[in-house]
Amino acid sequence: MSYVKLVFFMLLPFLCQLAFCSSISHLCPKDQALALLQFKHMFTLSPIASAYCEFSHPKTLSWNKSINCCSWDGVYCDETTGHVIELNLTCSQLQGKFHSNSSLFQLSNLKRLDFSGSLISPKFGEFSSLIHLDLSYSNFTGLIPVEISSLSKLQVLSIQSNIYSELRFGPYNFELLLKNLTRLRELNLNSVNISSTIPLNLSSYLTNLGLSDTQIYGILPEGVFHLSNLESLDLSDNPQLTVRFPTTKWNSSASLMELYLSGLNATGRIPESFGHLPSLRTLRIASCNLSGSIPKPLWNLTNIEVLDLGDNHLEGPISDFFRFGKMRSLSLANNNFNGQLEFLSFNKSWTQLEMLDFSSNSLTGPIPSNVSGLQNLQSLLLSSNHLNGTIPSWIFSLPSFEWLDLRYNHFCGNIQEFYSKSFDVVSLKQNQMEGPIPIQQSLRLLLLSHNNLSGEIASTICNLTKLVVLDLGSNNLEGTIPLCLGEMSELMILDLSNNSLSGTINTTFSIGNQLIIIQMDRNKLEGKVPESLINCKYLKLLHLGNNELNDTFPKWLGALPDLQILNLTYNKVHGPIKASRTGNLFAYENEKAQEKILVCYLQVFKLIFHNINEFAYFLHA
């Protein structure tokens, strides 16, 4: 017998035993399978259980007695004992209450739990073996139970809140949590109401720390920047938190890759110590009241991909930023940067750039016409500068372009046809643009008011089936209003004011439309107020003033439940406003509530027409 065969027969019993063990592994105990099934029946399935789940999947549909529970979707077992050790039910469309007597607490060997769609329970503190607990973006409300701080083996804790829940810590509970959980590597409590200072006793193992929008206050301990293993730090949107950056090299300098510090109290200049973070990929320090020029050591951050310095008081030439060769997103909005954009024509390193925001600075001159290195650009935001000239053709030919905002500049010439099929937002308000209105089927926001556009509004504009805002006010448009405008199912804002439009308003506003603002004032419109406006159930503002309308007062408009502002001045409208001597169709039972709604509406109106960046972001989200 050869040596190889001899070895094979010697190992054969071991190999058979291994195969047998593999065949019986992952067989979870019956009591654990029963506990999971009981847990399942406590919930219903709802596709909207979590607004933060881009892709949700009803994992518990695969749970049934005929299948080994270790094969169930979201369930993971120990390979030797078969005990359930991991349960991942995030974005599983579960909705219901998580009671303290839930059968889930029978899974005593559980080491990792990812769950959403319920109420939190103090019994979570009994999972003494847990090393990973993720309860983020659920419908949790109220206090985070102090029992969570007894899970001393935890390495990952994530209890992030959302707009539908109001999670908070009790007095001193946050400090107790950090004191007891000394093995934490990741701590994410974003949007949880902590309302506390940050204690000094942070785990030295921390790699990820997320405390954004938590109402923490006081002075940030400098030791946070010296956590030697730190990779990601997010303290953004805590305006009562004062930050004093280290002036020397940080202990975390070798590992730190993400730094989110926007919306903090950090006055003064950007310290030179930022330049000693060679691994940094993302740096966001917007809205920190920073001033002065960019320190020279910052140009050493050769790996930076995302940089946001917006809403500060920074200054200096814009061209210096081409030194960041790996840039994907650059935002310098609302500062005092100056210079021209010539460097874009010879900057060949920004091949990965997707978003460029230089809005509200002091830039001058034209956009260079010979730019070839920005083929991946998706958003170009240059509003509120002193730029001029024509819009170069390379912008219209970008294959993945989505968002163009050149408002409040001095651009002229025609608006060319867009090559990109994903074009979403065009904002050229307050320029000197000429020619016809551009038509691009993917558009959602089209803001072209206060320009020199001429000609008629073609009925092909109704092909923009995704359009939410159409702002064509204060141009030189003439002819009649297309009949189909009232049939655009997504349209919310329609502004055709201050043009030379004529004829009757024959537009038929279809049932189920989404219109909240209609402005057709300061034109040459004749005839009557169209009765189909009664179908605009969400209408808040209707402005038809300064036209040539001849009609009795449309008392029937008083039946619109949300109508706040009606302007028919400078027309030939006649007849009584009141339905009787005592009755008024436009009266509201609760004037204070009405005033509150009106103030809220005016804020929305201002948002749409004076801060289109935020409105467009809302539409993308």
Chemist: Closest heavy-atom contact between Leu557 and Leu533?
Modeler: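 Shortest heavy-atom separation between Leu557 and Leu533 comes out as CD2-CB, 4.2 Å.
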
Chemist: Can you see which heavy atom on Ile534 is nearest to which on Ala559, and at what distance?
Modeler: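 Heavy-atom minimum between the residues: CD1-CB, 4.1 Å.
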
Chemist: List for me each residue that meets side chain to side chain donor-acceptor pair (under 3.5 Å) alongside Asn463, sequence neighbours excluded, and say none if there are none.
Modeler: none

Chemist: Flag the pair Arg328 and Glu305 as a salt bridge only when some basic side-chain nitrogen lies within less than 4.0 angstrom of an acidic carboxylate oxygen.
Modeler: yes

Chemist: Could you list the residues that satisfy ring pair (Phe, Tyr, Trp, His ring centres under 6.0 Å) with Phe509, not counting sequence neighbours?
Modeler: none

Chemist: Which residues satisfy the side-chain contact (heavy atoms from CB on, under 4.5 Å) test with Thr60, sequence neighbours excluded?
Modeler: Lys40, Leu45, Trp63, Leu89, Leu94

Chemist: Would you say CD of Gln441 has more than 12 non-hydrogen atoms from neighbouring residues, nucleotides or ligands within 6.0 angstrom?
Modeler: no

Chemist: Which heavy atom in Asn238 sits nearest to a heavy atom in Thr214, and how many Å separate them?
Modeler: OD1-N, 2.9 Å

Chemist: Of the non-hydrogen atoms in Asn513 and Asn535, which two are nearest, and what is the gap between them?
Modeler: ND2-O, 3.3 Å

Chemist: What are the two closest heavy atoms between Ile391 and Met433, and how far apart are they?
Modeler: CD1-CE, 3.8 Å

Chemist: Return each pair, listed once, that meets side-chain hydrogen bond (donor to acceptor under 3.5 Å, both in side chains) where at least one residue sits in residues 368-380; pairs must be two or more places apart or across chains.
Modeler: Lys348-Ser372

Chemist: Is there any ring-ring contact (aromatic ring centres under 6.0 Å, His included) pair reaching into residues 416-453, and which pairs are they, with sequence neighbours excluded?
Modeler: Phe396-Phe418, Phe401-Phe423, Phe418-Phe423

Chemist: May I ask you to decide whether Arg284 forms a salt bridge with Asp308, counting only side-chain N to carboxylate O separations under 4.0 Å?
Modeler: yes

Chemist: Check each of Asn388, Thr390, Ile395 against Ile367 using the side chain to side chain contact (heavy atoms under 4.5 Å, CB included) test, and report the only one that passes.
Modeler: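 Running side chain to side chain contact (heavy atoms under 4.5 Å, CB included) over Asn388, Thr390, Ile395 with Ile367 returns exactly one hit, Ile395.
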
Chemist: Side chains of Ser442 and Lys421: closer than 4.5 Å at any heavy-atom pair?
Modeler: no

Chemist: Which pairs with one or both residues in residues 446-495 pass disulfide (SG to SG under 2.5 Å), sequence neighbours excluded?
Modeler: Cys462-Cys484

Chemist: Taking the side chain from Asn338 and the backbone from Ser362, do they hold a donor-acceptor pair closer than 3.5 Å?
Modeler: no

